[in-house]
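Here's the structure, in structure tokens; my notes come after.
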Amino acid sequence: MTSAFALPFLSLPDEAVTLSRWMIAQTGQPFIPLKPMLEEWDYAADVELRGSILIDMQAAARMLSIPEDELKLAVVLKIGTGRGRFPRVVERVSSQLVETATDKALELYALVPGNTLSGRLHTRIEVLLAASAKNASILAPTRIGSRLWSHEFSVELEDGGDSRFPIEVVSFIETFPNQRHVCAPWYLSWRPGGLASDFNGSVRLYVNSDHAELAQRVVDGDVLTLQAILGDVMVQMVGATLDADDLAEQLDGCEEGSVGAQIAGWMELAFPGRELSELRNIRRSMPSSFHSSLHAAAELRDIE
């Protein structure tokens, strides 16, 4: 689709570009046609995207007023993730040069690590000018990198990750050798601050598979075991966040799916209607009540 506003140079209409139907798959699963929602999404599995694009170079040269033998284009594939219309994280995953007329479509492919995804998977395809032409029209694009055409689409990840906590079961002896927490039953990988960061991309809970019985209970989804672990995570993250300056302002600026939004949700769940100053006072003067309230709020009513 072309831009909705007037560009200072000629651009490509949709008629010059043909896109195949995009296919999507979780690693190890067959590819299926892309739909608005990726059902049964599992953040532990990588996501693969596959499609193709064919540019009519003769038509493109004519429409851009650039001699065909001087026309060089680049097809760029970008992947983003995050809630809402605009992704918080965008990465260029491929760039391919197109400089000769061909009937063969250009294959596009992306492998997206599942643990980087949250909310929605955004995809954007751009056709850019790859080289300046010497004998082009005055209205032809001349600046390398000028966007001549683009198309974007997104797919909702089932549950958006909201009901899933990023947990990995690993051997601490192999993963964290010589670390002080090598014998711990679990370990939360997270640094205080960065409340606006994407939760699934910033927080990771590791369960120690060297404690075989505990690891098995986690894998089996034992409710009390998971509540104890999640309660500890909530105590750590809420407690550390309450020490932050200007916390109210920081939380007000946090979007859905962010670290701050998740922590704010936990605080409201455990201490409904309480002000931040009250929570700080409870934590300081009644630490056992503070801890127990968060552990109680960690009851797994709707968390997988």
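By convention here, the first residue in the shown sequence is residue 1.
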message: For a salt bridge (charged side-chain N to carboxylate O under 4.0 Å, His left out) check, start with the C-alpha distance between Arg124 and Glu126, then their side-chain angles and the critical distance, and finish with the verdict.
response: CA-CA 7 Å; Arg124 183 180 181 91; Glu126 297 178 344; 2.7 Å; yes
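- Side-chain atoms of His151 do not come within 3.5 Å of backbone N or O of Leu19 as any donor-acceptor pair.
- No path of Ile, Leu, Val, Met, Phe, Trp and Tyr side chains, each step under 4.5 Å between heavy atoms, connects Leu10 with Ile144, placing them in separate hydrophobic clusters.
- Within a 6.0 Å sphere centred on CD of Gln179, heavy atoms belonging to other residues, nucleotides or ligands number more than 12.
- Judged by distance alone, with hydrogens and angles left aside, the side-chain atoms of Ser65 form no donor-acceptor pair with the main-chain N or O of Ser137 at under 3.5 Å.
- Clustering ILVMFWY residues whenever any of their side-chain heavy atoms sit less than 4.5 angstrom apart, transitively, puts Met63 in a cluster other than the one holding Leu73.
- Residues Leu128 and Leu64 fall into different hydrophobic clusters, defined by Ile, Leu, Val, Met, Phe, Trp and Tyr side chains chained together at heavy-atom separations under 4.5 Å.
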task: Show your working on salt bridge (charged side-chain N to carboxylate O under 4.0 Å, His left out) between Arg204 and Glu168 and close with a plain yes or no.
output: CA-CA 7 Å; Arg204 188 69 55 194; Glu168 292 186 31; 3.7 Å; yes
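- The CG atom of Leu106 sits 4.0 Å away from atom CD of Gln96, with the distance rounded to the nearest 0.5 Å.
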- request: Let me see the working for Met267 and Leu279 under side-chain contact (heavy atoms from CB on, under 4.5 Å), right down to the final yes or no.
  value: CA-CA 8 Å; Met267 290 191 292; Leu279 267 63; 3.5 Å; yes
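- In summary, of the residues considered (Val98, Ile125, Leu77), a side-chain contact (heavy atoms from CB on, under 4.5 Å) with Ile53 occurs for Ile125 alone.
- Leu38 and Tyr109 are members of different hydrophobic clusters when ILVMFWY side chains are connected at heavy-atom separations under 4.5 Å.
- Distance OG/Ser293 to CE/Met286: 8.5 Å, rounded to 0.5 Å.
- Between atom CE of residue Met57 and atom OG1 of residue Thr100 there is a gap of 7.0 Å, rounded to the nearest 0.5 Å.
- In this structure, Trp22 has its ring center closer than 6.0 angstrom to the ring center of Phe153.
- A search for ring-ring contact (aromatic ring centres under 6.0 Å, His included) contacts involving His181 returns Phe176, Tyr187, not counting sequence neighbours.
- Comment: Lys134 does not engage Glu70 in a salt bridge, judged by the lack of any side-chain N to carboxylate O separation of less than 4.0 angstrom.
- Linking Ile, Leu, Val, Met, Phe, Trp and Tyr whenever their side-chain heavy atoms come within less than 4.5 Å leaves Leu54 and Leu34 in two separate clusters.
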- request: List the steps and the verdict of side-chain hydrogen bond (donor to acceptor under 3.5 Å, both in side chains) for Asp46 and Gln26.
  value: CA-CA 6 Å; Asp46 298 339; Gln26 296 190 63; over 6 Å; no
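- Classification of Arg62 and Asp56 as a salt-bridged pair fails, no side-chain N sitting under 4.0 Å from a carboxylate O.
- A side-chain N or O of Thr225 and one of Arg217 form a donor-acceptor pair less than 3.5 Å apart.
- Separation of atoms CD (Gln236) and CD1 (Ile263) is listed at 11.0 Å; rounding is to 0.5 Å.
- Trp186 and Asn208 form no side-chain donor-acceptor contact under 3.5 Å, judged by distance and modelled atom types alone.
- Here the closest heavy-atom approach between residue Ser95 and residue Ala74 is recorded as OG-CB, 4.3 Å.
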